[in-house]
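Small disclaimer: the values here were computed from a predicted structure and weren't measured. A note on names: the letters A, B, ... follow the listed sequences, proteins ahead of strands, and every chain is numbered from 1.
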There are 2 protein chains.
Amino acid sequence: MEQRTYNQYCATARTLDLIGERWTLLLVRELLTGPKRFRDLLANLPGLGTGLLAARLKHLEGQGLIRRTTLPPPARTPAYDLTEAGRELGPTVLAMARWGMKWAMDNRRPAETFRSGWAMLGLQACFSPDAAAGLRAVIEFRIDEETFHARVHDGTVDMVHTPAQAPDATVTIDGATFLSITEGHTTLADALSAGTATTVGAPGLLRKLPRLFRQPSPVPRNG
Amino acid sequence: MEQRTYNQYCATARTLDLIGERWTLLLVRELLTGPKRFRDLLANLPGLGTGLLAARLKHLEGQGLIRRTTLPPPARTPAYDLTEAGRELGPTVLAMARWGMKWAMDNRRPAETFRSGWAMLGLQACFSPDAAAGLRAVIEFRIDEETFHARVHDGTVDMVHTPAQAPDATVTIDGATFLSITEGHTTLADALSAGTATTVGAPGLLRKLPRLFRQPSPVPRNG
DNA sequence: CGGCATCCATTTTGATACTG
DNA sequence: CAGTATCAAAATGGATGCCG
């Protein structure tokens, strides 16, 4: 059961030895927005079985990329969280997300699942540091039952899968509309007019949103 | 024979559907410094068989990430090159390289192979745009039989596996010394004193080198 | 709920032999 | 040299069943 390795003294190959197996980087993606429980991971990774998930978690824990924790009260239930090393895989995952948004996001296929969290990470991936220079704000997003918040500070952004304590603005959208926006079939502005989305908070901040998160126009491959 | 997919409407998952299979990203790594022939790819990817290499190349070509070309005269031999979409995977590979340099490059294991090209890509990964602001220069590196050159311009760098036409500086190192520098056992300065490395060209530019490519101090995982 | 263990069908891989 | 063809070993996935 010795683990497979590329046996290359190369930073990229060494990294792939650790996170290159199937499902591993998607597991990291799930944890980038905060600790998750076993069953939530399972629910967001359709096709992954309990056995393989347990194996991957154990491997990543052994390599020091994740850590078993207990959720704070009142939950008090076991969960998995990224270590500092694991969290620093964020730039790698976001680089992939940026590439994918540009080159791989053609029309959604019917069999494909969708989770709002994935799109929130996509939002983080198209964050524009320039447009956020000097800005400090917390923006909450509510999509159906899921609540996220983005912390913008010093030209960077964090995306967390929890409610904010004191958001400067809150965006509320129903799931179907959010998917439609993600697919590019409609826009936030249209959804606001139609009443399927609502915003609360500083108007100046809300007006900046489209510039803070500037979606790239997809380029078809095979050209 | 339909290809395996995560079936997620998510930019990261879609990207992994395309480049997440074993060897694929290392193949991209090889091509990032310029077109390569079948046998050279094979030689730099020990453990990969001809069949799998052919399959990967075909898949990537079908997905529009690489392209079959013919090397310019006098070579005139078939080779593989990245398309624009493929080349834009550079940031993803370099993000992994940066992570690996910090978190995964402990002592070289005896079984591990080493290629100077991998370390040259590592050099590119720790390029500092700030230190290169306003600088425009071409630096050639000669390690044993291999010649690379870095083109620095507008705070960016390109690394190419060919000689430069008119380098502003040239660094010549023998392979063993270069490996030793990569491992951190010695430094370029020491190698210059010892005579195992030599430099030619603008002294001002050569003095800037350590700042242009600033290696991160590795942090042990499992802490 | 949060896992681990087991069995089995299917894919993927790695290594080698072979061909134009 | 640039691949194809072939086959054995390993990884994956899906289903279950078990235990604390």
Between C:dG3 (C1') and A:D40 (CG): distance, integer Å: 15 Å

Interatomic distance where CG belongs to B:L45 and C1' belongs to D:dA2 [whole Å]: 16 Å

Residue mapping more 5' on DNA chain C - nearest nucleotide basis, A:A55 or A:Y6: A:A55

Position toward the 5' end of DNA chain C (nearest nucleotide), A:P78 or B:G49: A:P78

Phosphate OP1/OP2 of D:dG3: any B:Y80 side-chain N/O under 4.0 Å: yes

Heavy-atom donor-acceptor pair, A:T15 side chain to B:M96 backbone, under 3.5 Å: yes

Over 12 foreign heavy atoms within 6.0 Å of CZ, B:R214: no

Short side-chain N/O contact from A:T50 to OP1 or OP2 of C:dA5, under 4.0 Å: no

Residue pair B:V160, B:T33: steps toward the side chain to side chain contact (heavy atoms under 4.5 Å, CB included) verdict: CA-CA 4 Å; B:V160 190; B:T33 51; 5.7 Å; no

Helical bend (five base pairs per end, nearest 10°) for the helix from C:dC1-D:dG20 to C:dG20-D:dC1: 30°

Chi angles and distances behind the side chain to side chain contact (heavy atoms under 4.5 Å, CB included) call for B:V28, B:T92: CA-CA 10 Å; B:V28 172; B:T92 295; over 6 Å; no

B:R142 NZ/CZ over B:F178 ring centroid, <6.0 Å and within 45° of normal: no

Nucleotide D:dC1, atom C1' - distance to CZ of B:R76 in whole Å: 18 Å

Touch class at under 4.0 angstrom, heavy-atom based, for B:G47 against every strand present: sugar-phosphate

Whether over 12 other heavy atoms sit under 6.0 Å from B:R108 CZ: yes

Phosphate-side-chain proximity, B:R68 and D:dG3, N/O vs OP1/OP2 below 4.0 Å: yes

Whole-Å distance separating the CG atom of B:L52 from the C1' atom of D:dA11: 14 Å

Nearest-Å distance for atom pair NE2/C1', residues A:H59 and D:dA11: 14 Å

Heavy-atom donor-acceptor pair, A:Y9 side chain to B:W118 backbone, under 3.5 Å: no

Gap between atoms CG and P, on B:L71 and D:dA2 respectively (whole Å): 10 Å

5' priority, DNA chain D, between B:A54 and B:R39 [closest heavy atom]: B:R39

Pair B:R221 + B:D106, salt bridge at N-O below 4.0 Å: no

Short side-chain to backbone donor-acceptor contact, A:D168 and A:V138, under 3.5 Å: yes

Residue B:R56, side-chain heavy atoms: nucleotide from D:dG3, C:dT13, C:dG3 that is nearest: C:dT13

Residues A:E88 and B:W103: side-chain donor-acceptor under 3.5 angstrom: yes

Side-chain N or O of A:K58 closer than 4.0 Å to phosphate OP1/OP2 of C:dC4: yes

Distance, rounded to the nearest Å, where A:L53 contributes CG and C:dG3 contributes C1': 9 Å

Those residues of residues 11-37 of chain A lying under 4.0 Å from DNA chain C by at least one heavy atom: A:R37

Distance, rounded to the nearest Å, where B:L42 contributes CG and C:dG14 contributes P: 13 Å

